[in-house]
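Data block below; observations after.
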Amino acid sequence: MLHDPFGRRVDYLRLSITDRCNLRCVYCMPPEGIPLKPVEEILTYSEFLRCVLVAVSLGVRKIRVTGGEPLIRRGVVEFVRRLAAVPGVSDLCMTTNGIGLAEAAVPLRQAGLRRVNISLDTIRRDRYAEITRRDRLSDVFSGIDAAVSADLLPVKINVVLLHGLLPGEVDDFVGMARETPVEVRFIERMPVGCLPSEGYVSADRIRDRILSLPGVRPAAGGMPSAAVTYEVPGFAGTLGIISPISRKFCSDCNRLRVSADGRLRSCLFAKETLDLRTALREGKDDRDVKALFLRAVAAKPEGHDLCGGSFTAEPMSRIGG
Ligand code: SAM
Ligand code: SF4
């Protein structure tokens, strides 16, 4: 088992399988997109798989496939099938913007994906087009329905809290949790990627709204996660809050990340990364690749210093959110 110097067990690996995306969310990318890595610098699926095999041999049990937008990389279903077949992987999930899920949900489930997180910051068409710079909201709704029907459960809806959030929009999502069996999670925007001049929106006001719902109570059970989750009587789904800024949860962080171009990172905000791609392509053996994972875990910082201004401005699409 992997433990970092602060006693945290590290058993979760996120793979950003592409830096490409079909949206241009204002907080993640500029309108023209980010400079993309040449295709030959992106890890092949076999290279990602090798990373996973090594990580699992060290005690990693949970794998998340993310990006960029993972569903736009060709062959993703087959890749999921290969991941699901790795002995020792007990949780296999994906973060997606939901476009493309209508077609992919069933094949992904059959390939062994357990569940999905779908990013959706508003359910109003004009606001969605403003935030993502694309008019694709109806595709996301179809994707959510398909994920629920395909049993990719729990379906979690990630809502990044943005400046300009309209009062009614929080209630739109409360309505979604009332009607749909999904876990809606409001997430504080972090200072990575595109940094708008406006400050971040604290989750506190959302918490107040959730706590005002009749009969609301902290959710029982569920998988350990960064979210504080609430159940409301009569609701098909739940509501949750993830506050990396106002109530940081670094003390429970169990994550490592591999970026699309094969950089291993022990913290979303780490400036130092380790070069897995070169090790893999130079034919290093598993011991050397393991050594890189061990170095990353040994260097895992105790916590981020976002309030102190120390962070990376690399976009999440490249790091793997
Ligand atoms: N394209 C996929 C998607 O949007 O779900 C996967 C990659 S995206 C980088 C992963 C998650 O990171 C999304 O939920 C997105 O909202 C979130 N994200 C991106 N930039 C962020 C930021 N600055 N603060 C908080 N969350 C962010
Ligand atoms: Fe694409 Fe996800 Fe970034 Fe939006 S948050 S631009 S969907 S990678």
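In this text, all values refer to a predicted model and were calculated from it rather than measured experimentally. Basis for what follows: all heavy atoms, side chains included, without hydrogens, waters or symmetry-related copies.
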Are L49 and L58 linked, directly or through other ILVMFWY residues, by side chains that come within less than 4.5 angstrom of each other?
yes
Where the side chain of R73 meets the backbone of I17, is there a donor-acceptor pair that is under 3.5 Å apart?
yes
Could you name each residue pair satisfying salt bridge (Lys or Arg N to Asp or Glu O under 4.0 Å) that touches residues 48-59, not counting sequence neighbours?
R50-D286
Got more than 12 heavy atoms from elsewhere within 6.0 Å of CD, E41?
yes
Option among R127, E169, E130 that satisfies the side-chain hydrogen bond (donor to acceptor under 3.5 Å, both in side chains) test with T122
E169
Mind checking side-chain hydrogen bond (donor to acceptor under 3.5 Å, both in side chains) for S119 and listing every partner two or more places apart, or none if nothing turns up?
none
Could you give the distance from CZ (R9) to CG (N254), rounded to the nearest 0.5 Å?
9.0 Å
Taking L137's backbone N and O only, do any of them form a donor-acceptor pair with R125's side chain (distance below 3.5 Å, no angle check)?
no
Any donor and acceptor pair, going by atom type alone, linking the side chain of S212 with main-chain N or O of R209 inside 3.5 Å?
yes
For the hydrophobic clusters of this structure (ILVMFWY residues joined by side-chain heavy atoms under 4.5 Å, transitively), does one cluster hold both V77 and I42?
no
Is it the case that the side chain of D121 and the backbone of V160 share a donor-acceptor pair, with hydrogens and angles ignored and the cut-off at 3.5 Å?
yes
Stepwise, does the salt bridge (Lys or Arg N to Asp or Glu O under 4.0 Å) test hold for D204 with R207?
CA-CA 5 Å; D204 283 346; R207 185 176 288 107; 2.7 Å; yes
Salt-bridge test for R61 and D11: reply yes if a basic N is under 4.0 Å from a carboxylate O, no otherwise.
no
Per the side-chain hydrogen bond (donor to acceptor under 3.5 Å, both in side chains) rule, which among T96, N22, T95 passes with E69?
T96
Determine, for F141 and R136, whether the Lys NZ or Arg CZ falls below 6.0 Å from the six-membered ring centre while staying within 45 degrees of the axis.
no
Short side-chain to backbone donor-acceptor contact, R114 and S90, under 3.5 Å:
yes
Determine the interplanar angle of the Y45 and F79 rings, folded into 0 to 90°, and report it as parallel if under 30°, tilted if 30 to 60°, perpendicular if over 60°.
parallel
One thing to verify: whether D285 and R287 come together as a salt bridge, which I'm taking to mean a side-chain N less than 4.0 angstrom from a carboxylate O.
yes
Point-to-point distance, once rounded to the nearest 0.5 Å, from OG of S243 to CD of E188
4.5 Å
Is R115 salt-bridged to D91, cutoff N-O under 4.0 Å?
yes
Is the side chain of R20 donor-acceptor paired with the backbone N or O of P70 at a distance under 3.5 Å, no angle test?
no
Exceeds 12 heavy-atom contacts within 6.0 angstrom, atom CG of D126
no
Treating R133 as the side-chain partner and M29 as the backbone partner, does any N or O pair qualify as donor plus acceptor under 3.5 Å?
yes
Salt bridge check, D252 against R8: does any charged N sit closer than 4.0 Å to a carboxylate O?
no
Residues R281 and E47 bridged, charged N to O under 4.0 Å
yes
Can you measure from CG (N117) to CG (N97) and round to the nearest 0.5 angstrom?
12.5 Å
